[in-house]
Amino acid sequence: MKTLGSTTTYDGTEHGYLRGHRVRIVAVLKNALRADYDPDQDGQYVRDEEDLERAGGVTADDRVEVQPWLAAEGRFSFVSSDPRAIDLACFASLKR
């Protein structure tokens, strides 16, 4: 299953403005929810599908960078957010 570039729906509450909106996945922040997360460590920001597979795919410990769909403008926003992976409909099965 292709993750990067795919679209899904945000169902969480952390980013209220995104709730129920269609979003496009642009990157995965590996292990961003762990207490020992280091954003400067190599391999933490994944924008390549093969790199994501090598890193074990998306897990409940990840955040996902997404861009919301702007229906009125017929395009995805240039602004992105980084919700928890489990708050996206396509990763809801990862909830513990």
Side-chain angles (χ1 to χ4, degrees):
M1 174 182 128
K2 181 180 174 191
T3 299
L4 301 170
S6 65
T7 60
T8 187
T9 304
Y10 176 75
D11 293 329
T13 57
E14 186 180 45
H15 299 273
Y17 54 92
L18 284 179
R19 187 159 177 77
H21 284 268
R22 180 177 165 209
V23 296
R24 176 173 59 189
I25 298 170
V26 296
V28 175
L29 290 77
K30 289 298 300 173
N31 304 315
L33 295 174
R34 292 185 181 173
D36 62 346
Y37 175 67
D38 178 1
D40 296 325
Q41 183 179 351
D42 287 344
Q44 300 296 302
Y45 184 78
V46 181
R47 293 193 64 167
D48 179 84
E49 199 70 35
E50 291 179 10
D51 289 343
L52 182 59
E53 282 187 37
R54 282 191 288 274
V58 177
T59 71
D61 290 329
D62 299 339
R63 286 191 174 275
V64 178
E65 184 175 2
V66 298
Q67 296 170 310
W69 175 250
L70 303 173
E73 299 179 30
R75 65 173 178 84
F76 286 95
S77 174
F78 297 115
V79 178
S80 62
S81 299
D82 59 349
R84 300 178 311 171
I86 59 172
D87 289 338
L88 298 176
C90 65
F91 300 122
S93 64
L94 297 175
K95 290 181 184 176
R96 297 177 188 147

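Here the CG atom belonging to D87 is positioned 6.5 Å from the NZ atom belonging to K95, to the nearest 0.5 angstrom. Annotation: the span from F78 atom CZ to L70 atom CG amounts to 9.0 Å, rounded to 0.5 Å. Note: I86 CD1 to E14 CD = 9.5 Å, rounded to the nearest 0.5 Å. Considering CZ of R84 and NE2 of H15, their distance stands at 9.0 Å, rounded to 0.5 Å. Distance CZ/R54 to CG/D48: 6.5 Å, rounded to 0.5 Å. With rounding to the nearest 0.5 Å, the separation of OG1 in T8 from CZ in R22 is 10.5 Å.
In the hydrophobic clustering, V26 connects to no other residue, as no ILVMFWY side-chain heavy atoms lie under 4.5 Å from its own. In the hydrophobic clustering, L29 connects to Y37, Y45, either directly or through intervening members, whenever side-chain heavy atoms lie under 4.5 Å apart.
Judged purely by atom type and a 3.5 angstrom limit, R19 has no side-chain atom pairing as donor or acceptor with the backbone of Y10. Put simply, the side chain of Q44 never gets that close to the backbone of N31: no donor and acceptor are under 3.5 Å apart.
With sequence neighbours excluded, no residue forms a side chain to side chain donor-acceptor pair (under 3.5 Å) with E50.
For the residue pair Y17 / S81, a side-chain donor-acceptor distance below 3.5 Å is found, with atom types taken as modelled.
Minimum interatomic distance between R47 and A27 (heavy atoms only, all atoms of both residues): CG-CB, 3.7 Å. Between E65 and S80, the shortest heavy-atom contact is OE2-OG, 2.7 Å. In terms of heavy atoms, A60 sits closest to L33 at O-CD1, 3.4 Å. Closest approach of D62 and G57 over heavy atoms only: OD2-O, 3.6 Å. Contact between V58 and K30 at its shortest, heavy atoms only, is CA-NZ, 4.4 Å. Taking both residues in full, the closest heavy atoms of R63 and D82 are given as NH1-O, 2.8 Å, listed atom of the first, atom of the second, then distance.
Looking at heavy atoms from C-beta onward, I25 lies in side-chain contact with L4 at the 4.5 angstrom threshold.
F76 and V28 fall into different hydrophobic clusters, where Ile, Leu, Val, Met, Phe, Trp and Tyr are joined by side-chain heavy atoms under 4.5 Å apart, directly or via other members. No path of Ile, Leu, Val, Met, Phe, Trp and Tyr side chains, each step under 4.5 Å between heavy atoms, connects V64 with W69, placing them in separate hydrophobic clusters.
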